[in-house]
Amino acid sequence: MKIAFFDSGVGGLTVLSTAMKEIQNAEFIYFDDSKNVPYGTKSKERVKELVMDAVDLIASLDVDALVIACNTATSIAVNSIREKYTFPVIGMEPAVKPAVEKCGQKQVLVTATPLTLIEEKFQNLVSRIDQGNVVNLLALPELVVFAENFMFDDETVLPYLKEKLNPFNLDNFGTIVLGCTHFPFFREHFRKVIPEHVRIIDGNEGTVRHLKNILRDKITERSVRTEVTFYSGGVQQTDNLRYQKYLDLLSSI
Ligand code: DGL
């Protein structure tokens, strides 16, 4: 059983690391497009082209399932990918539904890339779910750049977050949704600048649960976990140190 995870860059590692805890007997492939990251500030047409090219390469690796571990790529291309391939494709979208269902009277702040937030798929999701008008949107593209450059120091991240969150009276908010897979790297940074009562949620656990359900019959005792194989821009990586650094960081937060 071979499961591929795809993201523009290192964000999908936050999903992969959740999957590694939950699924023992499968072979994982991590596939990024580091030459073209970030996707979230590019045009829809360009991102679609990049994602379809990457998925063609992933399909040639004979995978049993593909997780599009990227909200931006999902919103642009998941339907086209499903039309083209027969293996199961698990997409991701900002966890607006659970946030709104549990918000009580409080406001919800959905953070994501600019492209995810303006996409029709996301706009439709919000208008379906947000009957009480509680959803607020905030694009945080610099977090993707910080993560790609392994810039996790407070001096860099906190002033950016404070400035971006400044227009919102967070006392009135119940939940912040991390709607980009790069953002869970910054969970602790968010915690430092938001009131204690505000919950932070992402879609990673829900996605892995969904993946497990879909593959229930296929993940057999006979398939054995091997090391993760990493591909960057279509090329298999022999040195995994860069990825390991991020996975180590994730297991420490
Ligand atoms: N990690 C991606 C997401 O979940 C996008 C980051 C980017 O390439 O801009 O949206």
Side-chain angles (χ1 to χ4, degrees), residues 4-19 30-55 58 66-79 81 89-96 99 109-123 125-126 137-152 157 160-161 164 176-187 189-190 200-208 210-211 230-234 242-243 246-247 249-250:
F5 292 77
F6 170 64
D7 182 42
S8 54
V10 296
L13 294 171
T14 67
V15 190
L16 173 71
S17 75
T18 309
Y30 188 80
F31 197 104
D32 70 35
D33 187 12
S34 57
K35 271 199 300 237
N36 295 300
V37 67
Y39 281 178
T41 47
K42 291 188 168 57
S43 74
K44 175 183 174 152
E45 292 71 25
R46 180 70 183 133
V47 170
K48 180 149 182 210
E49 220 169 64
L50 292 169
V51 174
M52 295 312 282
D53 285 352
V55 175
I58 295 170
L66 168 62
V67 180
I68 310 286
C70 175
N71 296 260
T72 311
T74 299
S75 69
I76 301 293
V78 75
N79 293 338
I81 298 168
V89 177
I90 292 94
M92 294 189 72
E93 63 187 5
V96 183
L109 184 63
V110 181
T111 64
T113 67
L115 191 53
T116 298
L117 295 180
I118 59 167
E119 250 319 285
E120 203 183 323
K121 192 168 187 297
F122 177 75
Q123 295 286 338
L125 174 74
V126 173
L137 310 179
L138 177 64
L140 293 172
E142 281 300 305
L143 290 187
V144 176
V145 178
F146 293 157
E148 290 298 323
N149 293 296
F150 210 84
M151 289 161 72
F152 296 114
V157 180
Y160 174 69
L161 279 184
K164 289 294 189 176
I176 292 185
V177 177
L178 306 182
C180 167
T181 54
H182 281 72
F183 296 177
F185 285 116
F186 300 96
R187 200 173 260 274
H189 301 89
F190 275 95
I200 303 172
I201 64 170
D202 63 52
N204 290 359
E205 274 167 23
T207 301
V208 171
H210 185 44
L211 173 68
F230 293 92
Y231 288 80
S232 191
R242 173 162 188 267
Y243 299 99
Y246 286 95
L247 291 171
L249 174 70
L250 287 166

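Just follow the structure's listing: the first ligand is 1, and inside any ligand the first atom is 1.
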Measure the shortest side-chain to side-chain distance between Y39 and V51 over non-hydrogen atoms and say whether it is less than 4.5 angstrom.
yes
I want to know whether F146 and F185 have ring centres closer than 6.0 Å.
no
Under 4.0 Å from ligand 1, residues with heavy atoms, in chain and number order, are D7, S8, V37, P38, Y39, G40, C70, N71, T72, T113, V144, C180, T181, H182
With sequence neighbours left out, what residues match A4 under side-chain contact (heavy atoms from CB on, under 4.5 Å)?
I29, I58, V63, L66
Report the C-alpha distance between E49 and R46 in whole Å, list the side-chain angles of each, state the deciding distance to 0.1 Å, and finish with yes or no for salt bridge (charged side-chain N to carboxylate O under 4.0 Å, His left out).
CA-CA 5 Å; E49 220 169 64; R46 180 70 183 133; 2.6 Å; yes
How long is the span from the CG atom in L109 to the CZ atom in F190, to the nearest 0.5 Å?
8.0 Å
Nearest 0.5 Å please: distance from the CD atom of Q123 over to the OG atom of S75.
10.5 Å
